[in-house]
Colleague: 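Take this structure, written in structure tokens, and hold onto it; I'll ask about it next.
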Amino acid sequence: MTDVFGLVLPFFGLIFIGFAVARIARQPLEALGWMNTFIIYVALPALFFQLLAKTPFEELTEWTFILGSVAATYIVFSLMFALSMLMPGGNIAESTIKGLSAAYGNIGYMGPGLALLAFGERAAVPVALIFCFENIVHFTVAPMMMALAGDDNRPLPQLVLGVVQRIVLHPFIIATAAGVCAAYFQFQPWLPVERLLSYLSSAAAPCALFAMGVTLALRSLKRIPSEMAPIAILKLIVHPLLCYVLLSWIGNFSPEWVFSAVLLASLPTATNVFVIAQQYNVWVQRASASILITTCLSVATVTGLLFMIRHGVLPPDLFP
């Protein structure tokens with residue numbers, strides 16, 4: 001158990017430090033603006049590029065792995081969406097945000113740092129692939145569902161163009177594509193550039209986790225919504241379990257790939273869900289609550305998952 005605490009204590013410790021500092025310093029949430037810009041546009045893209053560029057190109061085309069991980073996410077989304085629609089007063093817009101709360105994990109801020117810490121550099125490729133393809137789907141599903149709900153009144157060409165721009169111009173996806181190209185052409189950056197990328201990469205996880213702690217501290221939670229129980233269960237338990245079963249069933253992947261995908265599936269609700277809720281003014285405060293609650297609960301669930309992985313309770317392949 002000591003080795004597991006050695007993994008999660010620095011990780012969740014950074015979130016707690018950010019939370020504590022935000023409570024003490026009392027800066028407004030907008031003060032995080034430039035740090036978030038640095039994380040999203042500079043540090044994490046440098047990390048993705050550097051790790052992918054050093055990966056053999058053949059490992060970057062595991063389509064069955066991508067299909068399995070994305071399928072697990074959208075089965076969970078569909079379950080929460082259907083459950084919400086069956087409730088009294090259920091509607092497409094709110095059900096979409098609830099579905100995203102149950103399925104869209106914090107794979108951008110939390111994923112790379114924790115997976116690399118737990119499984120080493122072999123985790124970089126599956127993390128980047130999952131991030132890239134799941135976000136392509138997320139960026140497509142949210143505006144499409146809101147258009148069906150009538151909350152996005154843009155003309156169809158403008159709607160499609162907006163989706164394409166969000167996908168193509170996202171810094172993480174640009175960095176992933178550049179890393180794949182570098183791997184294909186076996187491109188080696190000039191040594192000073194490589195050192196700069198290393199400095200930026202090493203700053204990615206600490207800055208992202210600190211910023212996440214600050215964000216959680218500055219979000220108020222007046223009451224726990226009744227929908228939080230199914231969202232938390234689906235996000236923190238059902239999603240990683242389903243991902244584990246699907247990947248074991250459809251392919252013969254390395255342990256680092258399977259466990260990286262399961263770990264990413266176990267992460268709490270992403271802050272992007274709150275951004276989407278704000279964008280469409282749908283279920284905003286409860287989306288914020290889902291992030292806070294699932295993040296707090298994930299301290300126990302992620303620690304438990306890593307304990308099971310480290311001590312062989314979960315075999316690398318459920319169906320050998």
Side-chain angles (χ1 to χ4, degrees), residues 1-13 15 51 55 59 62-80 102-131 133-134 205 209 229-270 293-320:
M1 195 66 181
T2 306
D3 58 337
V4 176
F5 278 122
L7 282 174
V8 298
L9 187 60
F11 186 83
F12 286 109
I15 297 176
L51 293 173
T55 303
E59 293 187 16
E62 284 281 4
W63 295 109
T64 52
F65 175 83
I66 295 164
L67 177 64
S69 60
V70 173
T73 299
Y74 276 89
I75 290 171
V76 172
F77 172 85
S78 301
L79 286 172
M80 190 62 221
Y104 193 176
N106 205 327
I107 56 177
Y109 271 24
M110 296 178 71
L114 186 53
L116 291 171
L117 192 64
F119 309 120
E121 290 194 359
R122 286 278 298 163
V125 177
V127 168
L129 290 176
I130 290 170
F131 179 86
F133 284 92
E134 285 206 2
L209 295 171
I231 286 174
I233 291 168
L234 284 168
K235 183 73 216 66
L236 302 176
I237 298 172
V238 175
H239 191 184
L241 180 60
L242 183 60
C243 183
Y244 175 59
V245 172
L246 278 178
L247 290 179
S248 295
W249 178 45
I250 66 173
N252 185 24
F253 307 110
S254 71
E256 293 90 353
W257 281 54
V258 173
F259 290 144
S260 293
V262 173
L263 180 61
L264 262 62
S266 75
L267 295 179
T269 305
I293 291 168
T294 56
T295 300
C296 292
L297 292 175
S298 71
V299 176
T301 57
V302 170
T303 302
L305 174 64
L306 286 171
F307 177 84
M308 289 191 290
I309 291 172
R310 286 275 175 165
H311 291 82
V313 178
L314 287 183
D317 193 345
L318 189 60
F319 308 109

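Any value given below was found using the heavy atoms of this structure, including those in side chains, with hydrogens, waters and symmetry copies removed. Fair warning: this is a prediction, and the values are worked out from it, not measured in the lab.
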Colleague: Would you check if Val4 and His311 make a side-chain contact, meaning some heavy-atom pair closer than 4.5 Å?
Modeller: yes
Colleague: List the atom of Leu247, the atom of Ala261, and the distance in Å for their closest heavy-atom pair.
Modeller: CD1-CB, 3.4 Å
Colleague: Nearest 0.5 Å, please: how far is CD1 in Ile293 from CG in Leu236?
Modeller: 11.0 Å
Colleague: How long is the gap from CG on Leu267 to NZ on Lys235, to the nearest 0.5 Å?
Modeller: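 If we round to the nearest 0.5 Å, Leu267:CG and Lys235:NZ are 6.5 Å apart.
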Colleague: Quick one, Val8 and Val299 - any side-chain contact, counting heavy atoms below 4.5 Å?
Modeller: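 They are not in side-chain contact.
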Colleague: Could you measure the distance from the CG atom of Leu246 to the OG1 atom of Thr64? Nearest 0.5 Å is fine.
Modeller: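 Reported value, rounded in 0.5 Å steps: 12.0 Å.
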Colleague: Decide side chain to side chain contact (heavy atoms under 4.5 Å, CB included) for Ser266 and Leu263; before the verdict, give the C-alpha distance in whole Å, the side-chain angles of both, and the deciding distance to 0.1 Å.
Modeller: CA-CA 5 Å; Ser266 75; Leu263 180 61; 3.9 Å; yes
Colleague: Taking the side chain as every heavy atom from C-beta outward, state whether Val70 and Tyr74 have any pair of such atoms under 4.5 Å apart.
Modeller: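 When only atoms from C-beta onward are counted, Tyr74 and Val70 do touch, with a gap below 4.5 Å.
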Colleague: Taking the side chain as every heavy atom from C-beta outward, state whether Phe259 and Leu314 have any atom pair closer than 4.5 Å.
Modeller: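 Of all side-chain heavy-atom pairs linking Leu314 with Phe259, at least one is under 4.5 Å.
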Colleague: Can you confirm whether Pro316 sits close enough to Val258 that some side-chain heavy atom of one is under 4.5 Å from a side-chain heavy atom of the other?
Modeller: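 Result no, sub-4.5 Å side-chain heavy-atom pair not found.
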Colleague: Side chain to side chain contact (heavy atoms under 4.5 Å, CB included), that's the test. Do Ile15 and Met110 meet it? Break it down for me.
Modeller: CA-CA 10 Å; Ile15 297 176; Met110 296 178 71; 4.2 Å; yes
Colleague: To the closest 0.5 Å, what do you measure between CD1 (Ile309) and CZ (Phe119)?
Modeller: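 That separation rounds to 4.0 Å.
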Colleague: Would you compute the distance between atom CZ of Arg122 and atom CG of Leu116 and round it to the nearest 0.5 angstrom?
Modeller: 12.5 Å
Colleague: With sequence neighbours excluded, tell me which residues meet side chain to side chain donor-acceptor pair (under 3.5 Å) with Tyr109.
Modeller: Asn36
Colleague: Between the side chain of Thr294 and the main-chain N/O of Thr269, is any donor-acceptor distance below 3.5 Å?
Modeller: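 At least one qualifying donor-acceptor pair exists.
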Colleague: Excluding sequence neighbours, so at least two apart, what forms ring-ring contact (aromatic ring centres under 6.0 Å, His included) with Phe253?
Modeller: Phe65
Colleague: Can you name the closest pair of heavy atoms from Cys243 and Ser69 and give their distance?
Modeller: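 Heavy atoms of Cys243 and Ser69 come nearest at SG-CA, 4.5 Å.
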Colleague: With sequence neighbours excluded, what pairs up with Thr295 under the side chain to side chain donor-acceptor pair (under 3.5 Å) test?
Modeller: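 Result, side chain to side chain donor-acceptor pair (under 3.5 Å) vs Thr295: none returned.
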Colleague: Using side chain to side chain donor-acceptor pair (under 3.5 Å) as the criterion, list what pairs up with Thr73, not counting sequence neighbours.
Modeller: Glu134, His239
Colleague: Can you list the residues that meet the ring-ring contact (aromatic ring centres under 6.0 Å, His included) rule with Phe11, with sequence neighbours excluded?
Modeller: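 Applying ring-ring contact (aromatic ring centres under 6.0 Å, His included) to Phe11 gives none.
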Colleague: At their closest point, which heavy atom of Ala118 faces which heavy atom of Leu306, and how far apart are they?
Modeller: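 Heavy-atom minimum between the residues: CB-CD2, 4.0 Å.
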Colleague: Could you tell me which residues satisfy side-chain contact (heavy atoms from CB on, under 4.5 Å) with Leu117, sequence neighbours excluded, listed by chain and number?
Modeller: Leu7
Colleague: Which is it for Ser298 and Phe12 under the side chain to side chain contact (heavy atoms under 4.5 Å, CB included) test, yes or no, and what are the steps along the way?
Modeller: CA-CA 10 Å; Ser298 71; Phe12 286 109; 3.9 Å; yes
Colleague: Could you tell me whether the side chain of Pro230 reaches within less than 4.5 Å of the side chain of Met80, counting heavy atoms only?
Modeller: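 Yes, side chains in contact.
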Colleague: Rounded to the nearest 0.5 Å, what separates atom CD1 in Ile107 from atom OG in Ser260?
Modeller: 12.5 Å
